Every structure is written in structure tokens, then in C-alpha cells.
Amino acid sequence: MLPEVTEESRPFWTGGFDQALLIHRCRFCRQYFHPPVGACFRCRSRDVGPEKVSGRARVAAYTVNHHPWFDAFPPPYVIAAVELDEQPDVRLTTCLVECDTEQVTVGMPVEVVFDEQDDVALPFFRPVTS
Ligand SMILES: [Zn+2]
């Protein structure tokens, strides 16, 4: 169940080994975008590449999963779309960890944590407690 890593998505899936959430950004129009591809979908520039972001985000939508899809995740757990603080129209689909499923709300601030699995470091998010 691990992601397929391509040349363009490798920074996203491996930046976590250096505690870095790397999101593709266009160097021409300065917009972030996800998933990572070789050209900016806004201005079609090919001058794009991964840049480190803060790892802070907010929950945009979520669903509580009660089915045991992953050995590593005993249900219930939360699958969420989170919006990056840098640019809220950049959304990542992720799992929320270290949280009570009853306490998840839309707009809740979260921060990235990395779960190292073989040769990838999966970016998950947990509530910001401070
Ligand atoms: Zn662009």
C-alpha cells in the first residue's frame, strides 16, 4: 500500500527523512501545486521544483474510516484533505494521527509528522497542540 515514487514525486515522498515537507513550486509565477509534475498548470512554465514549506495546514474536509485498510492503522482513523498554510488551494490527502477522531473539525490547525516506511517517509498530520 506504499505510494509509487516517480522522479517528480520523489522529493515529496522522501523529504521527510530530513523532516522537510517538499511541495512543488513554480519559479515563474511562484505558485505551489500538488501533486508534483513537470510543468506548472497555471502558466505552463517548466521551471518548477520542490521547495520546503512549513508543514502547517488546516483540515479542509475529513472522513472517519472504520475499515481496517492498513495494518499500520487500526480503525477508526481519520482520512483528511488539508490545506497548506502557505497557499490554501494546495491540498494534500493524508491521515490524521495522534488525535481523537471525535475532536476533528474543519479548520482545525494541524502540522506534518513523518512516518518512515521502507524508502518513503509518509507525510501525516497531527493537531497543533500549542
Ligand atoms: Zn507557474
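Given the structure is predicted, the values throughout are model-derived calculations rather than measurements. When a ligand or atom number is given, it counts from 1 through the structure's own listing order.
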Sequence neighbours excluded, the answer for salt bridge (Lys or Arg N to Asp or Glu O under 4.0 Å) partners of Glu83 is Arg91
Does Arg27 have any salt bridge (Lys or Arg N to Asp or Glu O under 4.0 Å) partners at least two apart in sequence or in another chain, and if so, which?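 For Arg27 the salt bridge (Lys or Arg N to Asp or Glu O under 4.0 Å) partners, ignoring immediate neighbours, are Asp47.
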CZ (Phe17) with more than 12 external heavy atoms under 6.0 Å: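 Atom CZ in Phe17 is crowded, with more than 12 foreign heavy atoms closer than 6.0 Å.
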Which atoms of the protein, restricted to N, O or S, are nearer than 2.8 Å to the Zn ion (ligand 1)? Cys26 SG, Cys29 SG, Cys40 SG, Cys43 SG
Enumerate, atom names and distances included, each donor-acceptor pair closer than 3.5 Å involving a side-chain atom of residues 118-125, sequence neighbours excluded.
none

Please find the pair of heavy atoms, one from Tyr32 and one from Glu51, that lie closest to each other, and give the distance.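 Minimum heavy-atom contact is OH-OE1, 4.1 Å.
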Please report the shortest heavy-atom distance between His24 and Val48, naming the atom on each side.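 Closest approach of His24 to Val48: CD2-CG2, 4.1 Å.
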